[in-house]
2 protein chains.
Amino acid sequence: MHAEKGDNKDIEVKDVEVKDIEVPVGSCQTGEGHLCGWQPSPRLKFGNHHPGQEREGMTKMKRRRILVVGGVAAGPSAAAKARRCDEEAEIRLFEKGPHISYAGCGLPYYVSGAVRDRQKLLVMTPEAFRARHNVEVLTRHEVTQIDPEKKRVRVRNLKEGEERWYEYDALVLATGARPVVPPIPGVEAANVFTLRTIPDADAIIQSAARAEARSAVVVGGGLIGLEMAEALLARGLQVTIIEKMDQVLAPLDQEMALPVQKHLEEKGVRVLTGEGVEGFEVSSGAVTGVRTQGGAVLPADLVLLSVGVRPDVDLAQAAGVKLGPTGAIATGDRMQTNLEDIYAAGDCAESRNRVTGEAVWAPLGSVANRHGRTAGANAAGAEARFGGVLGSGVVKVCDLTAAWTGLSEREARARGLRVEVSHVHPLNRAHCYPEAKPLAIKLVVNAPDGRLLGAQAIGREGTDKRIDVLATAIYNGMTAHDLFDVDLAYAPPFAPAKDPVAVAGIVAGNTVDGEVRNITPGDLKRRLDAAADLVLVDVRTQEEYRAGHLPGALNIPLEELRQRCGELWPDRETVVYCRQGLRGYLAARILMQKGFSRVFNLGGGTLTWPYGLVR
Amino acid sequence: MHAEKGDNKDIEVKDVEVKDIEVPVGSCQTGEGHLCGWQPSPRLKFGNHHPGQEREGMTKMKRRRILVVGGVAAGPSAAAKARRCDEEAEIRLFEKGPHISYAGCGLPYYVSGAVRDRQKLLVMTPEAFRARHNVEVLTRHEVTQIDPEKKRVRVRNLKEGEERWYEYDALVLATGARPVVPPIPGVEAANVFTLRTIPDADAIIQSAARAEARSAVVVGGGLIGLEMAEALLARGLQVTIIEKMDQVLAPLDQEMALPVQKHLEEKGVRVLTGEGVEGFEVSSGAVTGVRTQGGAVLPADLVLLSVGVRPDVDLAQAAGVKLGPTGAIATGDRMQTNLEDIYAAGDCAESRNRVTGEAVWAPLGSVANRHGRTAGANAAGAEARFGGVLGSGVVKVCDLTAAWTGLSEREARARGLRVEVSHVHPLNRAHCYPEAKPLAIKLVVNAPDGRLLGAQAIGREGTDKRIDVLATAIYNGMTAHDLFDVDLAYAPPFAPAKDPVAVAGIVAGNTVDGEVRNITPGDLKRRLDAAADLVLVDVRTQEEYRAGHLPGALNIPLEELRQRCGELWPDRETVVYCRQGLRGYLAARILMQKGFSRVFNLGGGTLTWPYGLVR
């Protein structure tokens with residue numbers, strides 16, 4: 001495709017062949033699993049290159065015109081970065097709505113009442129942004145058309161109703177995403193909401209505050225669904241979550257999601273997984289109940305739909321901007337699209353996953369900021385590259401924190417990767433320190449080389465810390481073994497002397513090295529259900545065993561195992577387990593060194609076993 | 001030196017030349033500064049190698065004898081790891097005191113009352129350790145002599161008074177450290193304490209609980225000194241800290257230590273820096289006052305000496321074990337000493353600093369655990385390597401957390417390295433979220449390539465998280481620029497959309513790239529004091545300026561700078577500043593692009609400026 005000269009005669013437009021950007025999608029999804037080994041190009045420096053200054057001699061009077069479409073997160077980041085790179089450029093930002101830079105991720109906390117001051121949701125006013133960055137901010141202006149041939153966009157002033165063209169030298173699309181509204185009969189009712197904007201939140205608060213409001217149904221058990229369940233609970237409503245998958249929080253593996261669901265239930269939220277919405281019962285224009293596909297009717301004075309968002313790509317697509325496999329705008333690592341001088345950033349744009357090399361869609365505020373900064377630098381003529389995403393996330397669910405990064409076990413296996421997983425339950429602080437609480441960490445490791453693929457954690461204080469450390473580790477291609485080597489900061493209020501990250505690394509490293517073989521709860525369950533020939537040994541104390549154990553397990557406490565291993569059969573498959581995995585590991589080491597050839601330890605012990613115990 | 005065969009005829013002892021281990025000390029300290037680029041040898045796997053099994057055919061009846069000296073942290077780690085590597089070995093652990101595995105780092109929290117249950121300080125009893133790990137634990141047994149020729153140690157049973165020899169195939173020295181007691185007249189008084197053991201803590205609690213106890217003097221403003229100041233404050237005493245250096249917390253640079261000192265003072269602790277102890281006033285065997293070198297007399301019903309610890313190396317040294325430049329036992333990366341089959345671990349042993357390659361002494365519980373595990377594996381015939389330390393640390397000081405990793409600016413400059421530093425003050429949570437508090441981060445970066453050398457942080461929740469992420473970054477040799485690329489987990493309760501780590505990376509990266517030149521508070525102060533020809537511009541608002549500004553500063557708010565830069569002189573040296581550094585950076589970018597050739601931004605703004613403001 002050739003970029004043609006527009007009608008900007010005084011701006012040098014290079015007549016360059018612009019190739020379609022390559023998106024190596026699916027290259028990991030067929031055949032024997034392997035890691036793509038994708039690495040972003042070497043980082044180019046931000047801003048060392050100052051086009052405003054350099055061009056001065058050549059086209060002294062002409063300033064680069066940069067247009068940004070969208071004013072929530074990526075757009076303002078792009079405009080501000082472009083300004084820092086080019087003081088002389090003409091930069092305009094168009095936003096359909098009345099606000100720019102609002103804290104979309106803060107909305108659930110505004111609904112819950114934790115954020116009391118509505119003004120706090122507004123990060124920056126158009127006026128302040130203009131004053132600081134010398135960017136013309138046009139709110140209530142909708143971009144209705146892109147003309148990539150003439151390098152201009154058509155803009156409708158929503159206040160006045162008039163339209164005009166604006167020309168660009170570089171265009172940044174940051175059109176965001178919008179909530180998915182499934183076509184369920186009754187979905188248009190006044191008390192069925194989605195949450196994306198401040199007015200959405202206002203309306204939900206108003207609806208929840210009605211005297212007759214007692215019950216809320218949240219459709220969707222993802223991040224927003226869980227945050228909103230907590231928020232509506234805080235507003236005094238009875239809350240039910242309906243989730244189609246058989247678990248909440250899709251980024252987690254099932255056994256890690258279960259404790260989160262249990263915690264919500266303990267807090268009084270009803271959670272229906274594997275369940276969908278059939279329809280709504282509507283009376284006088286308002287929903288009064290939700291009919292589930294399972295045939296139940298749930299009372300509902302308020303319904304929140306949080307079944308996901310969809311990238312806002314109509315404008316881009318109509319202009320010939322190519323979408324990627326995820327449905328968002330395909331981007332290269334400078335956040336460029338297939339069309340010359342058009343960049344995309346934020347929730348409308350794809351990213352590259354750093355672990356798999358695949359194109360992924362990560363509609364998150366943190367990613368949007370990074371996208372925007374990269375797109376803004378490139379739009380201003382500097383060069384910057386986006387380093388990809390890991391798919392990191394974190395959510396507060398009442399008193400619990402759930403966090404993840406990289407690939408889940410499910411995602412890794414779906415790509416045909418041979419993985420080892422480890423589950424550990426160390427304390428988040430020194431055991432002697434008050435409020436030391438267990439923290440569940442799961443690592444997903446590439447079996448051939450021990451490289452970390454992903455991590456998940458559930459716990460109290462310090463859960464987010466461990467995932468951020470593990471995200472940094474995965475970013476750097478570290479192995480499970482390496483984790484033990486990192487000199488993390490230690491004091492009793494912040495960590496045990498052996499940090500949970502180190503413990504997780506040791507345990508995963510042991511399995512990679514073959515020092516112990518782990519069996520996952522799912523695999524053990526399948527083998528027990530199939531009445532496989534295996535010996536199951538509970539190595540906890542008699543008291544622990546009596547309080548509840550796996551069906552069919554013998555009890556030989558670890559401390560007696562050295563003496564009593566004659567009661568077992570060295571040539572039979574033997575599965576040992578304890579409460580969190582450590583004693584099981586020690587037991588496995590003893591048996592292996594005593595000549596037992598097929599010993600497995602139940603990873604994470606009974607704490608990770610989700611299928612119930614017997615007495 | 002030749003290892004000679006001992007009298008263990010039935011154990012194969014290889015006649016190997018054991019070379020003195022090389023300690024490249026000081027190689028970074030002379031000439032032009034550079035980074036040593038030391039890297040640990042490729043990690044060898046733990047435990048894949050099971051000597052117990054392998055030897056079976058060869059010397060069926062003979063078991064490896066492993067002796068461990070010291071039972072607090074590194075010793076038990078070593079013994080437990082050795083057992084996991086070799087189920088058949090005879091492992092004995094000698095401990096002089098009555099306890100093993102006590103939580104030394106938890107003692108200040110026991111004194112403060114936060115740890116109520118004294119039993120919680122005991123991680124493991126000798127009996128439980130023996131039962132679990134099949135390790136013979138001998139408490140109240142002191143090792144009095146090592147005979148490396150005959151590979152045996154002489155042990156005195158402190159209960160019975162008798163002595164005997166124990167032979168070893170491998171010996172692990174984990175003799176720990178002891179508090180430094182300066183030879184000040186009166187130091188033997190009953191109410192002058194050090195804190196190292198549970199009985200020490202018991203005595204301090206008892207002394208603080210006396211009805212007449214009102215004032216405490218803590219000598220030394222390091223980690224333990226600060227933790228104990230808080231603990232004694234919690235016990236209701238008036239506390240004064242005396243510190244010889246001109247700041248508390250030596251691992252921090254001065255401007256980062258000042259807010260910690262200020263916080264302590266706000267909590268009611270008197271802090272005297274640059275001050276020493278001349279002597280004690282003693283009456284009836286008890287100190288009643290502390291005479292400072294400055295001539296003051298501080299009332300004192302209790303004195304805590306926390307001027308540091310010293311490695312316990314007498315036993316090792318007497319046997320010919322070589323010490324390193326720090327005075328602790330010199331070790332190689334398998335934690336081996338210069339003598340064959342003798343390993344050292346924990347507070348008595350040196351480590352290698354991963355950033356500089358130098359031998360360092362890091363007497364910390366977290367390091368001791370890592371040392372012990374490495375030494376234990378090697379002692380059992382498996383191979384493991386220690387990956388070095390970064391010098392990470394963290395301390396809770398009342399409501400503040402102070403944390404650090406890698407080199408301080410002072411340490412980096414002392415090694416002749418050319419560094420850039422950045423100071424940022426972002427929030428620890430999304431700005432809209434309740435209890436979002438500023439977090440001060442300082443990065444120390446190698447100027448030639450942007451590589452991270454060190455980081456320091458002061459703040460509330462999440463301070464430890466950022467330092468652990470930065471420690472992981474430094475471990476991996478990341479640059480400041482790379483930090484922006486890491487996909488950290490984001491949600492409003494845990495971080496702003498742009499994480500403080502990313503912000504710190506961006507700011508440091510900008511200076512490395514020359515996008516802006518920073519001036520440190522110290523350098524600016526020196527130039528102002530020298531009446532240097534520079535123009536100082538405060539780019540904050542008029543209100544902020546009026547409330548207090550740097551001496552001699554003009555005020556041109558950032559928002560007016562584009563219009564008013566004609567009031568300044570493009571060819572004069574110009575220093576801009578704001579509150580935290582962001583507006584100053586934007587102002588610098590504007591001026592630089594307007595042709596100002598010598599513009600500097602005061603890094604960290606007035607928040608980092610420690611020298612006071614004028615009106």
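The sequence lines fix the lettering, A, B, ..., with proteins before strands; numbering per chain opens at 1.
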Mark yes or no for whether A/Arg352, through its side chain, and A/Gly388, through its backbone, hold a donor-acceptor pair below 3.5 Å.
no

Turns out that what part of A/Val367 lies under 4.5 Å from chain B's heavy atoms comes down to side chain

One option among A/Ala471, A/Ala80, A/Ala114, A/Gly106 has the most heavy-atom pairs under 4.5 Å with chain B, and it is A/Ala114

Applying a strict 4.5 Å limit to non-hydrogen atoms, the region of A/Ile467 in contact with chain B is side chain

When the 4.5 angstrom heavy-atom criterion is applied to B/Ala103 and chain A, the contacting part is side chain

task: Kindly determine whether B/Arg84 and A/Glu515 satisfy salt bridge (Lys or Arg N to Asp or Glu O under 4.0 Å), including the steps that lead there.
output: CA-CA 9 Å; B/Arg84 292 196 295 279; A/Glu515 192 172 331; 5.1 Å; no

Worked check of side-chain hydrogen bond (donor to acceptor under 3.5 Å, both in side chains) between B/Tyr490 and B/Asp499:
CA-CA 8 Å; B/Tyr490 161 61; B/Asp499 194 274; over 6 Å; no

Under 4.5 Å to a heavy atom of chain A? For B/Val486 that would be both

Are more than 12 heavy atoms from other residues, nucleotides or ligands located less than 6.0 Å from atom CZ of B/Arg116? no

Honestly, the part of A/Arg583 sitting under 4.5 Å from a heavy atom of chain B is side chain

Honestly, the part of A/Leu561 sitting under 4.5 Å from a heavy atom of chain B is neither

So, the part of A/Val469 with a heavy atom under 4.5 Å from chain B: the answer is both

Okay, B/Leu122 and chain A: the region with an atom under 4.5 Å from a heavy atom over there is backbone

If you tally heavy-atom pairs under 4.5 Å between each of A/Leu483, A/Asn476, A/Leu586 and chain B, the highest tally belongs to A/Asn476

Step by step, would you call B/Asp487 with A/Arg370 a salt bridge (Lys or Arg N to Asp or Glu O under 4.0 Å)?
-> CA-CA 9 Å; B/Asp487 194 17; A/Arg370 295 171 57 212; 3.6 Å; yes

Given A/Leu364, A/Leu558, A/Ile590, A/Leu470, the one with more heavy-atom pairs under 4.5 angstrom with chain B than any other is A/Ile590

Comparing B/Ile474, B/Leu121, B/Asn134, B/Thr405 against chain A, the one with the most heavy-atom pairs below 4.5 Å turns out to be B/Asn134

Worksheet item: Is it true that A/Asp464 and B/Lys465 have a side-chain N and a carboxylate O under 4.0 angstrom from each other?
Response: yes

Applying a strict 4.5 Å limit to non-hydrogen atoms, the region of A/Asp117 in contact with chain B is neither

Under 4.5 Å to a heavy atom of chain A? For B/Leu390 that would be both

Beyond-backbone contact of A/Phe386 with A/Ser351, side-chain heavy atoms, under 4.5 angstrom: yes

From the list B/His133, B/Arg83, B/Glu461, B/Gln119, the residue making the most non-hydrogen contacts under 4.5 Å with chain A is B/His133

Checked A/Ala502, A/Ser366, A/Pro493 vs chain B; the most non-hydrogen pairs under 4.5 Å come from A/Ser366

Fill in: Verdict with reasoning, B/Tyr433 to A/Lys396, per side-chain contact (heavy atoms from CB on, under 4.5 Å)
CA-CA 12 Å; B/Tyr433 198 82; A/Lys396 171 175 133 39; 3.4 Å; yes

Check: A/Thr463/A/Thr401 side-chain N/O donor and acceptor closer than 3.5 Å = no

Turns out that what part of A/Arg132 lies under 4.5 Å from chain B's heavy atoms comes down to both

So, the part of A/Tyr110 with a heavy atom under 4.5 Å from chain B: the answer is neither

| task | Check whether any side-chain heavy atom of B/Met124 sits under 4.5 Å from a side-chain heavy atom of B/Arg130, and report yes or no. | result | no

Whatever's closer than 4.5 Å to a heavy atom in chain B on A/Leu591 counts as neither

Next item on the list: May I ask you to say whether B/Arg385 pairs ionically with A/Asp485, meaning some side-chain N is under 4.0 Å from a carboxylate O?
Entry: no

Exercise. Identify whether NZ of Lys or CZ of Arg in B/Arg429 sits under 6.0 Å from the centre of the six-membered ring of B/Phe494 and within 45° of that ring's axis.
Key: no

